[in-house]
Amino acid sequence: MGELVTPGRPGTLSTPPAVPPAERGGSHKLRTRLVEVAFIVPAVVYLLLFFGYPVVKNIVMGFQEYTTKTFFTGEAPWVGLANYRTVVGDAIFDRSVLNTLLFTAGSIAGQFALGLAIALFFHKRFALSGVLRSLILLPWLIPMIAGTAVWRWILDADNGALNRILSAVPGLDLSPNWLTSTSLALVAVIGVNIWLGIPFNMTILYGGLQEIPEELYEAGALDGATGWRAFRHITWPLLRPVVTVVLVLGVVYTLKVLDVILGLTNGGPANSTQTISTFSYDMSFRQFDFGAGAALGNILIVISLVFAVVYLRLNRRAVDE
Amino acid sequence: MARRGTTGRARGAIAALAALPLVLGACGGGSGGGSAEASADTLRVLDYYNSDPNATLWNTAIEACGEQIGMKIDREAVPGETLIQKVLQQSSSKTLPDVLMLDNPDVQQIAESGALAPLDDLGIDSSGVAEGVLKASTYEGKLYALQPVTNTIALFYNKKVLEAAGVTPPTTWDELKAAAATLTVGDQYGFAMSNINTYEGTWQFLPFMWSNGGSETDIDTPETAAALQLVKDLLDAGSLSQSTVTWSQADVADQFAAGNAAMMVNGPWNFGTLDVVEGLEYGIVPIPAPTAGGTVVSPFGGEAWAVPQTGDEEKQKKAAELVQCLNSDENEVTISLGTGTVPTKPELAGQVTSKNPNLQAFADQVPDLRARTGELGPEWPDAATKIYTAVQNALVGGMTPQDALAQAQNG
């Protein structure tokens, strides 16, 4: 990169005044190109270093026996598909795939429905709506590990706030084991992730709602389209492009969620909340089988990639239109 | 050929990436100060004693030992959970410290990678140290680390609660079940332990498994199943909260301190937490044995000091001297008393328990303590994962102990 920039330097730094007009045109063009390149180079270097390298490294690692020993000796023998056979053959794998799907579908459905409902609610301006709307962003601002610690306390079966409240309801005699029962833990984890995702969905959808011209609603109202019918025939069609963005990005973000699950249940109890990403973390950083961890990571990358392609496709179509 | 080229380049790249945080850290002016300096009269020490009382006590001991052997000390203490990551980074960038502290079950795995120097070659004297403790730090017949102090787990009980209920601390499994049931009243559970899905859960289950004759080399045995059945019985009887599957040991101590549990399995590192609780009087007895008079076999905790392969032989010799000094009788006693641990040399136990009687139940177990990595060495993490998986499947996964253990053992 240095070599590319150097020739342009004398021109830019100490402009020689006596350059014939004919030559100046040529060097000007060259200079423009060099400036263009100079602007692109940092971005390319950044992408290669922080996105390209880890992805390539991860893909390669998935085919290697990469253990603690590798770090000292530098030797990571090529093992072909052995890592993939190990993880796919593991008893936890099927469950983690199913959990990943349930977790993603449940989280997205909940986040989107509630996010949209809240966005619509705040679209009608009222006293303090601005303040309240910014308060909804709070879950986004709290460090996740602190957030999960509080949720663990809320959801504790014996002394948790939620079960204390439930026990105060007359005629209701139950204290669910939110985080310690294999059937409820996934539900609880999805619930917390919905809480976490609402701000993102609400913010983007609220922005989309602002874009819809007010006149359309006025015109619609004259034709008798109010309330639900206005939503169905005006809001929803015009919000569609934003909805697509929210959903696809949401899926990609949710597939790889790690901190929420680690903080709440650590994949337990009895692996009932294990997803591909927590399984991968466990393989790499608890069992130090980095090859197997990378193989799981690659599987996750492929799944995310499918949705990323869908997103780009839809995005391009939206631009074309 | 091609492969070698790739790994060579990859290694360089890893080293560069691994060094990046170090460089950034150095720019930030970390608390350790000048970690990259390589002057001949300075030993770099890495450990995870970053909170008191450990931080101060160890710092004093290390500085004093440094003075004794005529070396300056450049000590860095990182958070516990990041130590192994740090060691792996330093391994690949060839910047390992001169003296390295490791949690004892990690020693063999790191030794296997080739990053540690055998201590026998460096003239270390390990006489007097309990055999089980040495076994944890021995890989393929060679000693790689020396551990000055150790800890283990025992049964803590709330004196007032047991007295009021007329219950004496249990010594057998049957007594434990009966006592736990009697002590379960209202919001108070009779018994608490951690069966979390991490190595902590495995560590807490081991005394029950080992004392009954179970082994980590094959967990699909009637002995281990009976131990798991005991825990399941306690849970099914309501004497143990179902939250046991998410409690860390610190959570268990909190439950005990808050009066939500009358007895708990835990270790001496909780003395600090428990002693500040007003009105709490606790006693400590060994974990109950399967039957009267049986031997209780518990795993031991604590950290060992190793000398990494840095390529500088002169410094490695000095580093070994520092490790030897940290394991002196005097240091073992001082550090035991200060941190609520017991010396790894059984003959020193008396000097500690006479000053802190609470440590008696732990000191008594030292000769029988068993290393987690004693049988399987570097393969231990695999077995530890199987054990906590089986425990969780049996407790809340709807499986019988036999089925859960068989499934975990056979993958």
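Below, read A as the first sequence line, B as the second, and so on, with proteins coming before strands; counting in each chain starts at 1. Only this structure's heavy atoms are used, side chains among them; waters, hydrogens and symmetry mates stay out.
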Novice: Is K94(B) close enough and on-axis enough to F72(A), meaning under 6.0 Å and within 45°, for cation-pi?
Specialist: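 Yes, K94(B) lies over the aromatic ring of F72(A).
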Novice: Checking Q255(B) against chain A: side chain, backbone, both or neither under 4.5 Å from a heavy atom?
Specialist: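 For Q255(B), the contact with chain A is made by the side chain alone.
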Novice: Is there a donor-acceptor pair closer than 3.5 Å between any side-chain N or O of T184(B) and the backbone N or O of A180(B)?
Specialist: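 Checked: pair present.
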Novice: Nearest heavy-atom pair of P308(B) and P97(B): which atoms, and what distance?
Specialist: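 Closest heavy-atom pair between P308(B) and P97(B): CG-O, 3.1 Å.
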Novice: Does the Q392(B) side chain pair with the main chain of A270(A), one donor and one acceptor, at a distance under 3.5 Å?
Specialist: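 Here the side-chain-to-backbone pair exists.
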Novice: Select one option (side chain, backbone, both, neither) describing which atoms of N159(A) are under 4.5 Å from chain B's heavy atoms.
Specialist: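 Just the side chain, heavy atoms under 4.5 Å.
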Novice: If I measure from the heavy atoms of chain A, does D187(B) come under 4.5 Å with its side chain, its backbone, both, or neither?
Specialist: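 For D187(B), the side chain is the part near chain A, not the backbone.
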Novice: For the backbone of T180(A) and the side chain of Q242(B), can you confirm whether one donor and one acceptor N or O come within less than 3.5 Å of each other?
Specialist: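 Between the backbone of T180(A) and the side chain of Q242(B) there is a qualifying donor-acceptor contact (under 3.5 Å).
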Novice: With only heavy atoms counted, which part of D251(B) is less than 4.5 Å from chain A, the side chain, the backbone, both or neither?
Specialist: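 Only the side chain of D251(B) comes within 4.5 Å of chain A.
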Novice: Tell me which of these, T182(A), L179(A), N266(A), has more heavy-atom pairs under 4.5 Å with chain B than the rest.
Specialist: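 Winner by heavy-atom pair count: N266(A).
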Novice: So which residue, A157(A), P269(A), G89(A), ends up with the most heavy-atom pairs under 4.5 Å with chain B?
Specialist: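 That would be P269(A).
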Novice: What part of S243(B) lies closer than 4.5 angstrom to a heavy atom of chain A: side chain, backbone, both or neither?
Specialist: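 Contact with chain A: backbone and side chain both.
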Novice: Pick from N393(B), I196(B), V87(B): which one has the most heavy-atom pairs with chain A under 4.5 Å?
Specialist: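 Of the options given, most contacts go to N393(B).
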Novice: V245(B), L88(B), V396(B): which one forms the most heavy-atom pairs within less than 4.5 Å of chain A?
Specialist: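 Looking at each option in turn, the highest pair count goes to L88(B).
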Novice: With a 3.5 Å distance limit and no angle check, can you tell me whether N99(A) reaches the backbone of S272(A) through a side-chain donor-acceptor pair?
Specialist: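 Yes, N99(A) side chain to S272(A) backbone: donor-acceptor pair under 3.5 Å.
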Novice: Are the aromatic rings of F71(A) and F288(A) close, with centres under 6.0 Å apart?
Specialist: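 No, they do not, as the ring centres are separated by 6.0 Å or more.
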Novice: Quick one: what part of L96(B) sits under 4.5 Å from any heavy atom of chain A, side chain, backbone, both or neither?
Specialist: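 The side chain, not the backbone.
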Novice: Pick whichever of L264(A), D90(A), N177(A), T67(A) has the most heavy-atom pairs under 4.5 Å with chain B.
Specialist: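 Greatest number of close heavy-atom pairs with chain B: N177(A).
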Novice: Side chain, backbone, both or neither: which part of T265(A) has an atom under 4.5 Å from a heavy atom of chain B?
Specialist: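 T265(A) touches chain B through backbone heavy atoms alone.
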Novice: Donor-acceptor pair, distance only, cut-off 3.5 Å: does the side chain of Q249(B) make one with the backbone of S194(B)?
Specialist: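 Side chain of Q249(B) to backbone of S194(B), a donor-acceptor pair under 3.5 Å: no, none is there.
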Novice: How far does OH of Y388(B) sit from CD of E200(B), to the nearest 0.5 angstrom?
Specialist: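 With rounding to 0.5 Å, OH (Y388(B)) is 12.0 Å from CD (E200(B)).
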Novice: Measure T246(B) against the heavy atoms of chain A and call it side chain, backbone, both or neither at under 4.5 Å.
Specialist: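 Contact with chain A: backbone and side chain both.
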